[in-house]
Structure formats: structure tokens, C-alpha cells
Amino acid sequence: MPEELRNFINGRWVASATTQYLEVCNPATSEVLARVPLSLPSELDEAAKAAAKAQIEWRQTPAAQRIQYLFKLKMLLEEHFDALARQITLENGKVLDDARGEMRRAIENVETACGIPMMMMGDFSEDIARGIDEYMIRQPVGVVATIAPFNFPGMIPFWYLPYAIATGNTIIIKPSERTPLTMQKVFGLFEQIGIPAGVVNLVHGGPEVVNAILDHPMIQGVTFVGSTQVARHIYSRASLHGKRVQAQGGAKNPLIILPDADPEMTTNIVTDSVFGNAGQRCLASANIITIGEAHRLFREPLAEVASKRVVGFGLEPGVQMGPVITPQSKERIEGLIQKGVDEGARVLVEGRDALIKGYENGNFLRPTILDNVLPGTTVATTEIFGPVMCMMHVNTIEEAIELINSNKYGNQACVFTSSGAAARKFRYEAQAGNIGINIGVAAPMAFFPFSGWKESFFGTLHGQGNHAVEFFTQTKVVVERWPKEWSRQF
Ligand code: NAD
């Protein structure tokens, strides 16, 4: 019988009272790994109350002491690094090296948040009028919650959690119900570092528990990462209740190749960007736009590298691409490929009906390349979230940028060229929050914000670095006068 996951509330593991559970499956084998409870709103309420109670004492704990828990957590994350990466591969399907990369970025965020004592310092102006001083201090917002997607079960909660707690907030994490096991393991580590009860809480569940977060009067801040449709819902419902909220949404990332791009580097990096994590990355490039001669120069090499990609179970050595998350997801992706064909695109590399020996029950696709995809068609504008490259062709960089800027999303845009002038123009004009110049996945380091524009982001401040510090603190401005004999106006 697979393990039934429990919630971590107020420093204790507690079984949910729900009768509704979902199966968490290994997408490479369909083996049931665990059963995740769809927790009840009353259980979220318990977590919110525990977090609110703990916050009173936690807020008064000096920042320099609060980060001692992060130092301990960092050591434990290093110690359990491989076990956590393997857990990600088992529940998400991505290959082990990608899972390691994900945990590395999670740890970088813990390291960066250890700088909070300086990062949350305020400002001071003496004598703004004679004998009067003014200063700004940063105080925690209170209880916050993070709602995570399935595709980075280890990293995404860490865009927020270390900053939230180091700045004196307490937090509730709601992982994706499809990949809840990695956070389950991470919370086992929280138990070991002896962080006070109620500072970090884990509540499993689906939309019902998410809505309970959005409506809960004790929760002051919400962060979300997931699809645009849900991001919009999160943003509007949480805002309606006066919460501060940031919601990262979906993407359809363009990447342009100029004829002067380095042939080998470009071919390898572009295929990695499109097919890494089986295309289930919010920074996966999806629309590959060749300019002029680049079409002739890059089409065949890209097809060759894509068709050689080794597909299989992510824990096996040499495998470069794992399965997609669910059978439904695979079916949806195959449907979209067919839609592309119906809309007039040509299948340059066929990835449907992939059967992997020994893994016949897995949700596998091989890389697919659709050539001559027309702007405005369904495949050109829909986030496929699978290993599908849509190739499009234009004649000039101006046309390419216009095409990019007509995209409703704005998560990432990349350019491959050896021309500094072209790269600068692109950086200047492309409407996206993360820009790659000869980089295929422009994922910001922990000390930069993870940006995102247009329908890829709802809010103002992003996760990671200083943005996270600002998001998790509220400013208080104090104007101060002390009537004393030396302050002569009194
Ligand atoms: P999703 O929107 O289906 O789910 C995300 C979270 O929202 C989950 O925790 C889920 O329980 C909850 N949820 C789902 N439906 C809900 C509803 N109707 N009401 C309330 N809550 C609901 O996303 P996913 O499939 O887990 O993740 C993939 C998506 O996330 C893609 O669109 C991808 O582009 C996006 N993503 C974006 C970024 C970014 O930084 N912009 C990063 C990673 C993933």
C-alpha cells in the first residue's frame, strides 16, 4: 500500500481528515509512489492559526538568529542533495542532472537569504527639518503562503520560503498535488533543524485548499507559480481580499537565430532549451524563429540533434529526456501536434507514439519539430508544455521582434547571433522579462529576480533576491522629534 502523505502543521506531522486522495505516480513507469490528501479548508485554517501564533515570537527573533536555521538547512540540503534530486526525478520525470540543477538553485536561494540582516536594513535621514529625523524600517508582512506547480517541485518553493522566514514571516507551502514528495522530504529536514513550531507549514491539496488560502483573513501575502489561467484567478481573488500577491503564469517563449550565429553552439543550446525537462519548463524555448539564411543553415542540424536525443527513465545514465507528467498531458501534446499539422505545419521530426523498451507504461514522447509554423495559428500561440519545437521563418530581425512582441506571454525571449548590435537591439526591444543572448534558458541566479511580463506575470515584485525581500516586508516610515534642551526650537 503506497504511503499516505501527511501535512506538517505547527511542527507536527498530521494525517488529513479528508476522504479524498490522489495517486502520485512515477511518470516513467506509472508506478504509484504515494497518495496525496486533498486537505480540507479546516486544515488550512489550522495551519494559518499556527503560523499566526508562531509569527509573534518569530518576528522578535533577531534576523541574525533567524538565519542560523537557514545555515543549518543549507548543510542538510547538501547532505541530502542526491536523495532530493532522485526524488524529483521519480515524481516529475526529469533526468537526474536537471533535478540536480534544480536543487542547486534551491540551495543558492537559501544562501542568498542568509544575507537578510543586511538586505532588510532600512534608511535613515537626519535633520529633515531642524531636530527632526526620518527613517524607514522593514517589517515582516505576517503569515504568507506559496502555491507551487508540478514542474520544479524542489526549486520553486525556495524562490520564496528562505526570504519569507528570514525576514520574520511564517509560511504555508502548498505543493503541486502531482509532485508533492520532494517538499515532503524537505520538511523532514525542517524538523531536524529545530525551527520553532508553526514557522514553516506544509498543507497538501488542490484547488479547494488554494481557495481557502486566498480567502483566509490571517494570510497577508500569497505567491503563486503555475499556468496563466490559474495565476489570473489567484491574483484577482487574493487581491480582492487585500493581500499582497505575485503570480507567475505560463509562457510561449520565442528564440531567434540569425544567420551569423555560431553553428554548433546554437544547435546544441537551442535543442537543450526546447527539449530539456521534456519541454516542461516555463523557460523552455518553444517558437524557434530563423531569420533569412538561418532557416537553411539550422533546420537540418536542429533536426539531426533533436532526433538523436536519448529518451528514457531519468535515473538511467545517458538519458537526456524523460517523460511528460501524466498520460493526459501526453495526449494533449499529441493533440496539439496534430492540430499543427492540420494548420499546415510540416513534421520535420516525429515524436509521437514513442515506446521506450522496459517503460511501456510511461508517458513518453520523443522530440518533435514542426516546420513552417504560421504566426497566429494554435500551435504558434498555445503553451504546449511538451517536447515540441515550432519553427517559424522571417526575413529580418525587425519582423522577428514584431512577431515576438505580438505574443501574449512575456516570460523569456532569446537571440543567437555574433553581432553585438543585433543583440543590443533585441535586448532593448523584445517584450519579455528574461532575456537570453546566446543563452537558451535565461534562468536568473538567486540574487536576481525571476522576472516575467505580460500574461506570464501578475503583480509587481517577483521571487528571489531583493524583490523577495521587498515582497515579504512592509515599509514603515517614522518621522521623529525629541524635545530636549539641545533641540533649540522647543
Ligand atoms: P497549474 O496552474 O495547473 O497548477 C499550479 C498550482 O495551482 C497547483 O498547486 C494546483 O494545485 C493549483 N491549482 C490548479 N488549478 C487550480 C484552480 N482551478 N484553482 C486554484 N488552484 C488551482 O500549473 P502546473 O500544471 O502545475 O504547472 C505548469 C504551468 O506552470 C505552466 O503553465 C508553466 O509555464 C507554469 N510555470 C511558470 C513559471 C514562471 O516562472 N512563470 C515557472 C514554472 C511553471
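By convention here, the first residue in the shown sequence is residue 1. Both ligands and their constituent atoms are indexed starting at 1 by order of listing.
- Listed by chain and number, the residues in a side-chain contact (heavy atoms from CB on, under 4.5 Å) with Gln431 are Asn405, Trp453, Lys454 (sequence neighbours excluded).
- When Ser227, Ala284, Gly205 are ranked by how near their heavy atoms come to atom 2 (O) of ligand 1, first place goes to Ser227.
- Between Glu177 and ligand 1, at least one N/O pair is under 3.5 Å apart.
- Within the structure, the closest approach of Phe457 to ligand 1 does not fall below 4.0 Å when heavy atoms are considered.
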Ile333/Leu365 under side chain to side chain contact (heavy atoms under 4.5 Å, CB included): CA gap, chis, key distance, verdict: CA-CA 9 Å; Ile333 295 163; Leu365 289 134; 3.9 Å; yes
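- Considering backbone and side-chain N/O atoms, Val230 never comes within less than 3.5 Å of an N/O atom of ligand 1.
- Gly452 does not count as a contact of ligand 1, since none of its heavy atoms falls under 4.0 Å from the ligand.
- Considering backbone and side-chain N/O atoms, Phe152 never comes within less than 3.5 Å of an N/O atom of ligand 1.
- In the model, His393 has a side-chain atom that pairs as donor or acceptor with a side-chain atom of Thr290 under 3.5 Å.
- Applying the salt bridge (charged side-chain N to carboxylate O under 4.0 Å, His left out) criterion to Arg138, with sequence neighbours excluded, gives no partner residue.
- Ligand 1 is approached by Trp159 to a heavy-atom distance shorter than 4.0 Å.
- Compare Gln229, Glu208, Glu383 by their heavy atoms: the one nearest to atom 31 (C) of ligand 1 is in Glu383.
- Proximity of a side-chain donor or acceptor of Asn169 to a complementary backbone N or O of Phe472 within less than 3.5 Å is detected.
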